[in-house]
Engineer: 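Could you have a look at this structure, given as structure tokens, before my questions?
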2 protein chains.
Amino acid sequence: MISSNKFSSNDRLLMAAIDLIAEKGYNGVSTREIAAAAGLSEKTLFRNFGSKQNLLETAFERFHYGETMKNLFNEKLVWDLETDLLLISRTYHDIMNRNRKMIQISLKDGAKLPGFREKTSKHPQQLKEVLTNYFKAMSEKGKLIETNSEMQALSFIWMNYGAFMNNLDADTTFPTVSLEEFILESVKIFARALTP
Amino acid sequence: MISSNKFSSNDRLLMAAIDLIAEKGYNGVSTREIAAAAGLSEKTLFRNFGSKQNLLETAFERFHYGETMKNLFNEKLVWDLETDLLLISRTYHDIMNRNRKMIQISLKDGAKLPGFREKTSKHPQQLKEVLTNYFKAMSEKGKLIETNSEMQALSFIWMNYGAFMNNLDADTTFPTVSLEEFILESVKIFARALTP
DNA sequence: TATGACTGTCAGTACTTACTGACATCATAT
DNA sequence: ATATGATGTCAGTAAGTACTGACAGTCATA
């Protein structure tokens, strides 16, 4: 049960909803279960949120981690391919892990939840733009081979997306050792492939 | 509705179940809906399959394509890195696309269905082994740099997994990009990175 | 002490769902 | 012509669901 003294009733309900729906799907969990997991009565749930659907939508608004990747990059890039790709990869996995449960919900019930998919795919799209532009800029500096920047960016993103997806249901809240290994090696691969 | 004259009643029920459950999830679709989509009565569904759960399990046994990658590779590899990676990539996407709906079901309701995950979403251990061994053999032939073959194989697999996952749902994150384009460019990247 | 915000209990509604039994229909094969 | 097998109709059960209303308890603050 979600600890009672630290959070408000509403937050406890929202967190319980996220946890359970991410695990069992929207139709796989009842409002009674959610209320019980929050240590509250079903009545309170409906009094405060009106409907199950609204509970989930509110939960998404409240807990979706929406910080943009754009700012991070513009400030921290040092224009060394391997260093920058490492930063990008780590930042990506960090954000994806924060939104892990939202992404699980989006995968299971995205069709039922208007706007869910768009928001969970916001980061990947931003990332693609940023990374494509980064590759182009590096290319102009002569630090990168000149080819298809967009497709290279996509390949890098999808590689990391695949890695993330593979660990999605492992339920490991903290980054695993193998993920770090993967990041190091995969960045090496791309750095070697794209260096002139 | 699934065409009536070409398939048996049971097959029509199984196909309807796969279609609807892949779209809406196990708990999101009723037996009445499934029967209607198959052009049959709900009674027939229960007469022939006993339960909704058994219907889905039977559907999986009937329509899940087993992994035949091992054989393909051993027969067709020509020990040219780019050529072989192209074959591997195309074979992978071919098999994944065949199992597309099973994978969707596995993602949405894998927790409820024993054995489902292992057979679909979790990457064919087979492919990883085959690719790792391929990299090692290429390395011994002097056609590949000597580094971490296992991580390189994982990176390549996850890159393709990410690409596949991105196209899984009708609502694609990067709709303008064709799969074939991606395969060509991504294989080039890896070929360049791993060539001595 | 009294007020108001918040929560719980309980009984209940209207609906859906998985699943069943009794009986009828219909085509095909012998 | 009749037996067989697969299917449909219909009525129904037991359980679960989201959600509500009436009423009472708790607790901090005015």
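Note that the structure is a prediction, hence the values are computed from the model and not measured. By convention in this document, chain letters (A, B, ...) are assigned in the order of the sequence lines, proteins followed by strands, and residues within each chain are numbered from 1.
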Engineer: Does the side chain of A:F63 reach to within under 4.5 Å of the side chain of A:K101, using non-hydrogen atoms?
Structural biologist: no

Engineer: Going by salt bridge (Lys or Arg N to Asp or Glu O under 4.0 Å), name the residues that satisfy it together with B:R62, two or more places apart in sequence or in a different chain.
Structural biologist: B:D11

Engineer: Which of residues 45-55 of chain A sit near DNA chain D, with a heavy atom under 4.0 Å from it?
Structural biologist: A:F46, A:G50, A:S51, A:K52

Engineer: Using a 6.0 Å cut-off, check whether atom CD of A:E185 has over 12 heavy atoms from anything other than its own residue.
Structural biologist: yes

Engineer: Between D:dT17 atom P and A:Y26 atom OH, what is the distance in whole Å?
Structural biologist: 13 Å

Engineer: Starting at the 5' end of DNA chain D and moving along, which residue's nearest nucleotide shows up first, B:S41 or A:S30?
Structural biologist: B:S41

Engineer: Whole angstrom is fine here: how far is it from CG in A:L56 over to C1' in D:dA18?
Structural biologist: 15 Å

Engineer: Find the distance A:I34:CD1 to D:dC19:P and express it as a whole number of Å.
Structural biologist: 10 Å

Engineer: Contact between B:L107 and B:L168 at the side-chain level, heavy atoms closer than 4.5 Å - yes or no?
Structural biologist: yes

Engineer: Distance check: side-chain N/O of B:S9 vs OP1/OP2 of D:dA6, anything under 4.0 Å?
Structural biologist: no

Engineer: By side chain to side chain donor-acceptor pair (under 3.5 Å), which residues pair with B:K112, not counting sequence neighbours?
Structural biologist: B:D109

Engineer: Would you say B:K188 has more than 12 foreign heavy atoms packed within less than 6.0 Å of its NZ?
Structural biologist: no

Engineer: If you walk 5' to 3' along DNA chain C, what is the first nucleotide with an atom under 4.0 Å of a heavy atom in chain A, and what is the last?
Structural biologist: C:dT7 to C:dT9

Engineer: Phosphate oxygens OP1/OP2 of D:dG16: is one of them under 4.0 Å from a side-chain N or O of A:R32?
Structural biologist: no

Engineer: Output all residues satisfying side chain to side chain donor-acceptor pair (under 3.5 Å) with A:S139, sequence neighbours left out; order by chain, then residue number.
Structural biologist: none

Engineer: Contact between A:N54 and A:F46 at the side-chain level, heavy atoms closer than 4.5 Å - yes or no?
Structural biologist: no

Engineer: Which residue, B:K43 or A:E42, contacts DNA chain C at a nucleotide closer to its 5' end, judged by nearest heavy atom?
Structural biologist: A:E42

Engineer: Can you list the steps and then say if A:T31 with A:E42 is a side chain to side chain donor-acceptor pair (under 3.5 Å)?
Structural biologist: CA-CA 7 Å; A:T31 50; A:E42 203 180 353; 2.7 Å; yes

Engineer: I would like to know whether A:R90 and A:E180 meet salt bridge (Lys or Arg N to Asp or Glu O under 4.0 Å); could you show each step before the answer?
Structural biologist: CA-CA 9 Å; A:R90 292 211 170 98; A:E180 178 61 18; 2.5 Å; yes

Engineer: Starting from the first five and the last five pairs of the helix from C:dT1-D:dA30 to C:dT30-D:dA1, work out the angle between the resulting helix axes, to 10 degrees.
Structural biologist: 0°

Engineer: Quick one: are the ring centres of B:Y134 and B:W79 less than 6.0 Å apart?
Structural biologist: yes

